[in-house]
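Following: one structure in structure tokens, then a few remarks.
Every value quoted in this text rests on a predicted model; they were computed, and no experiment measured them.
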Amino acid sequence: MGRTVNTKKAKRKNKKKGEASSSSIPSMPTRVWQPGVDKLEDGEELQCDPSAYNSLHGFHVGWPCLSFDILGDKLGLNRTEFPHTLYLVAGTQAEKAPWNSIGLFKISNVSGKRRDVVPKNLVNGDDGMEDEDDEEEDSDSDEESEDGASSVPNIQVRRVAHHGCVNRIRAMPQNPHICVSWADSAHVQVWDMTSHLNALAESETEGKDGTSPILNQAPLVNFSGHKDEGYAIDWSPATAGRLLSGDCMSMIHLWEPASGSWTVDPIPLAGHTASVEDIQWSPAEANVFASCSVDGTVALWDVREGKSPVLSFKAHNSDVNVISWNRLASCMLASGSDDGTFSIHDLREIKGKGAKVAHFEYHKHPITSIEWSAHESSTLAVSSGDNQLTIWDLSLEKDEEEEAEFKAQTKEQVNTPQDLPPQLLFVHQGQKDLKELHWHNQIPGMIVSTAADGFNISMPYNIQNTLPDLAA
């Protein structure tokens, strides 16, 4: 089956003063835009091609958010029908410490339109050519549903005061109303957001358009045992309430749930020689976790085996910023570095050295987030300081013969750049200073990302779809 690389496309247009409208300008052919390679001429601008997405929405919440998490809900697993509803928790990075808050978001009426990777008329033996007017009509209709109602998402928010910037925030997978925040004040705090989530779930107007006030609420736990601020934090997927937090002084503390609260081991786990940047519990072993550090290493730990890692290996030649443990193939761990590279490690073959099964140098700026898909074991998403969010399928290999056949049968007019890795599925752009991304575990193909200029909710049209057999 042939592969296609789908990136955000650029429609070039040259506007000159005195022209009445853009309708009089001859349309230019669409081509793949290559970030860092192509340059815009004077008077040119990039335009998003909405046909590359099943759904694409953006919103901002005031102050930028460095970190957020998608909350599990009871609206159903593997949801595919539009419109969608989702819940988020996010923490701000405000100009002054007292201005920060944790926001609980209900985002409803997330509209979209599922598109086929290969047009149905092509599969049925037609010539595959589509009427351009029909495409424009489809694009225009994205802003309005069939009954004329607006398809702009409905944003509701409840805010809780948080002193200091929120470096990272995570919701407990077993009890999503329990959240933990890492503050730049070196405090780690656990919060019960039950009342706020209930208020959002029971109303279509509560906190609409960000009108709700910032509420004062005491955290369940306020841990000040770290000697410096940090970013690394993760809830155990196996043991409800079990938690790890790592700081910029290279120390990691283990939290154990105890009678409605938590007991934090005052003696930290030590094994890195520099800041601990990220932590991930194993999806398969309840007592095992991985950590990564500015020292360039990834360490594997067993909490039953003392305060030192079981093994450690050099993962990158620069800071290791983020890691992600594959929940569908637990032998695979992905890591992203400050030098823009990311790697895939097979933990079965480490033996103290770290067996890289894949290494990518596509991004040229620091990797800020990396996460495996919850629905496809070979698919992962990566964000970078180069303002790109990329999606990769590691099961793909370049097949020139099949690619040529696919292009011929679809009468494909976009020429894929030859220097792109064959595993690259999609490039999403439009956000500045990307910080974090997450796949939605209950809505296949949906990615939420945060950046300095706000959030995006995107569903690329070629993710979670299977190419039909054109020869059939």
Side-chain angles (χ1 to χ4, degrees), residues 66-67 69 91-94 97 100 102 162-170 179-191 219-236 242-256 262-282 287-325 333 335-339 354 366-370 385 435-436:
L66 283 176
S67 182
D69 205 2
T92 63
Q93 184 186 29
N100 284 285
I102 295 174
H162 184 279
H163 189 83
C165 296
V166 179
N167 290 346
R168 195 157 290 175
I169 191 163
R170 292 290 182 263
C179 303
V180 61
S181 62
W182 233 131
D184 65 356
S185 61
H187 291 148
V188 182
Q189 298 175 318
V190 179
W191 306 82
L220 296 176
V221 177
N222 183 12
F223 178 64
S224 57
H226 284 284
K227 304 303 181 183
D228 197 359
E229 67 175 311
Y231 296 85
I233 200 160
D234 195 36
W235 292 102
S236 168
R242 206 176 207 186
L243 181 68
L244 289 163
S245 56
D247 61 37
C248 293
M249 294 291 287
S250 78
M251 298 301 162
I252 300 172
H253 284 274
L254 174 64
W255 301 47
E256 295 285 6
W262 281 262
T263 299
V264 186
D265 191 336
I267 303 175
L269 294 89
H272 289 292
T273 59
S275 173
V276 177
E277 296 292 280
D278 202 3
I279 288 175
Q280 289 263 294
W281 284 99
S282 166
N287 296 298
V288 176
F289 72 92
S291 61
C292 66
S293 170
V294 168
D295 63 18
T297 67
V298 168
L300 296 177
W301 311 68
D302 188 324
V303 296
R304 300 166 298 185
E305 301 295 330
K307 301 295 183 178
S308 301
V310 175
L311 62 87
S312 179
F313 60 90
K314 188 73 173 178
H316 293 272
N317 294 323
S318 184
D319 305 3
V320 187
N321 295 333
V322 287
I323 53 176
S324 179
W325 209 318
L333 184 79
S335 60
S337 174
D338 216 46
D339 62 11
I367 303 300
T368 58
S369 188
I370 190 167
K435 292 300 183 183
E436 194 168 273

How many angstroms lie between atom [atom1] of [X] and atom [atom2] of [Y], to the nearest 0.5 angstrom?
X	Y	atom1	atom2	value
W281	L244	CH2	CG	4.0 Å
T297	F313	OG1	CZ	8.5 Å
M251	H272	CE	NE2	11.0 Å
S335	I367	OG	CD1	10.0 Å
H187	S181	NE2	OG	11.0 Å
S236	L243	OG	CG	9.5 Å

**Item:** Stepwise side-chain contact (heavy atoms from CB on, under 4.5 Å) test for V188 and V180
**Value:** CA-CA 7 Å; V188 182; V180 61; 3.6 Å; yes
Would the distance check show the side chain of [X] and the main-chain N or O of [Y] forming a donor-acceptor pair, the cut-off being under 3.5 Å?
X	Y	answer
D295	T273	yes
Q189	P219	no
S293	A274	yes
D228	D247	no
D184	C165	yes
S337	D319	yes
N167	G230	yes

**Request:** Please work out whether the ring planes of H162 and W191 are parallel, tilted or perpendicular, with thresholds of 30° and 60°.
**Result:**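 Geometry flag for W191 against H162: tilted rings.
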Heavy-atom side-chain contact between [X] and [Y] under 4.5 Å:
X	Y	value
P366	N321	yes
V294	E277	yes
I252	S291	yes
Y231	D278	no
V166	L66	no
C292	Q280	no

**Message:** According to salt bridge (charged side-chain N to carboxylate O under 4.0 Å, His left out), who are the partners of K307, at least two apart in sequence or on a separate chain?
**Reply:**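 With sequence neighbours excluded, K307 shows a salt bridge (charged side-chain N to carboxylate O under 4.0 Å, His left out) to D265, given in chain and number order.
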**Asked** For the residue pair A315 and V320, what are the closest heavy atoms and their distance?
**Response**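 Result for this residue pair: CB-CG2, 4.2 Å.
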**Request:** Over all heavy atoms of both residues, which pair between W182 and G246 is shortest? Give the atoms and the distance, please.
**Result:**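 Reported closest heavy-atom pair: NE1-O, 3.3 Å.
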**Asked** Is the F223-W255 ring centre distance short of 6.0 angstrom?
**Response**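 Between F223 and W255, the centre distance is under 6.0 Å.
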**Prompt:** Considering the options H253, R168, H226, which one meets the side-chain hydrogen bond (donor to acceptor under 3.5 Å, both in side chains) requirement together with S245?
**Reply:**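 With S245 as partner, H253, R168, H226 yield a single side-chain hydrogen bond (donor to acceptor under 3.5 Å, both in side chains), made by H226.
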**Item:** CA sep, side-chain torsions, deciding dist, call: C179, I102, side-chain contact (heavy atoms from CB on, under 4.5 Å)
**Value:** CA-CA 10 Å; C179 303; I102 295 174; over 6 Å; no
Pair [X], [Y]: side-chain N/O donor-acceptor within cut-off below 3.5 Å:
X	Y	answer
N287	D302	no
H163	S185	no
T263	E256	no

**Prompt:** Would D234 and F289 satisfy side-chain contact (heavy atoms from CB on, under 4.5 Å), going step by step from the backbone distance to the final call?
**Reply:** CA-CA 10 Å; D234 195 36; F289 72 92; over 6 Å; no
**Request:** Dump the intermediate steps for side-chain hydrogen bond (donor to acceptor under 3.5 Å, both in side chains) on S67 and E436, then the final yes or no.
**Result:** CA-CA 6 Å; S67 182; E436 194 168 273; 3.0 Å; yes
